[in-house]
Asker: 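Pasting a structure below so you can have a look.
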Amino acid sequence: MKKVYCAKDPLMVGHLRNVLALHGIECVTRKLDLTTGAGELPPLECWPELWIIDDGRLVQAQAILRKTLAPLKAVKKNWTCSGCGERIEGQFSECWKCGRERVIDPHP
């Protein structure tokens with residue numbers, strides 16, 4: 001078994017487990033019950049983890065997780081509207097000035 005993801009948010013760990021399951025990658029979650037121990041234990045040691053069962057699918061699982069999480073990274077960056085050139089804050093998905101939808105580069 002190989003650990004492929006760790007995060008403070010157990011909902012994200014669960015979501016990514018479902019994403020990998022849709023691709024036929026068997027996973028287990030660990031440390032879901034340790035979040036209440038933060039403070040007594042180092043916080044990072046309490047974060048939920050996602051592990052894949054088949055080590056041979058590690059590269060595939062990592063690629064799927066990268067692709068799944070990529071839009072989250074792009075949302076943090078400001079962007080320029082391809083229609084009117086207006087500079088827009090990262091959390092918005094369309095231009096406030098002309099209404100054109102944001103285009104997210106799949107290879108940032």
Asker: Within the side chain of Trp79, is there an N or O that forms a donor-acceptor pair under 3.5 Å with the backbone of Phe92?
Answerer: yes

Asker: So, Arg102 side chain and Gly90 main chain: donor-acceptor pair closer than 3.5 Å or not?
Answerer: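 Yes.
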
Asker: Do Ile25 and Gln60 have side chains that get closer than 4.5 Å, going by heavy atoms?
Answerer: yes

Asker: If we ignore hydrogens and angles and just use 3.5 Å, is the side chain of Arg57 paired with the main-chain N or O of Gly24 as donor and acceptor?
Answerer: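 Between the backbone of Gly24 and the side chain of Arg57 there is a qualifying donor-acceptor contact (under 3.5 Å).
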
Asker: So, do Ser82 and Arg100 sit near enough that their side-chain heavy atoms are less than 4.5 Å apart?
Answerer: yes

Asker: Measuring from atom CG of Leu50 to atom NE2 of His15, what distance do you get when rounded to the nearest 0.5 angstrom?
Answerer: 11.0 Å

Asker: Atom NE2 of His23 and atom CD1 of Ile64: how far apart are they, to the nearest 0.5 Å?
Answerer: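 Rounded to the nearest 0.5 Å, the NE2-CD1 separation comes out at 4.5 Å.
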
Asker: For residues Leu20 and Val4, determine if any side-chain heavy atom of one lies less than 4.5 Å from a side-chain heavy atom of the other.
Answerer: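 Yes. Closest side-chain heavy atoms under 4.5 Å.
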
Asker: Which value, rounded to the nearest 0.5 Å, describes the distance between Trp47 atom CH2 and Asp9 atom CG?
Answerer: 10.0 Å

Asker: Any chance CD of Glu86 has more than 12 other-residue heavy atoms, nucleotides or ligands included, within less than 6.0 Å?
Answerer: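 Yes, the 6.0 Å shell around CD holds more than 12 heavy atoms from other groups.
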
Asker: What do you reckon, is CD of Glu101 surrounded by more than 12 foreign heavy atoms closer than 6.0 Å?
Answerer: no

Asker: As an exercise, state the distance from OH of Tyr5 to CG of Leu16, rounded to the nearest 0.5 Å.
Answerer: 5.5 Å

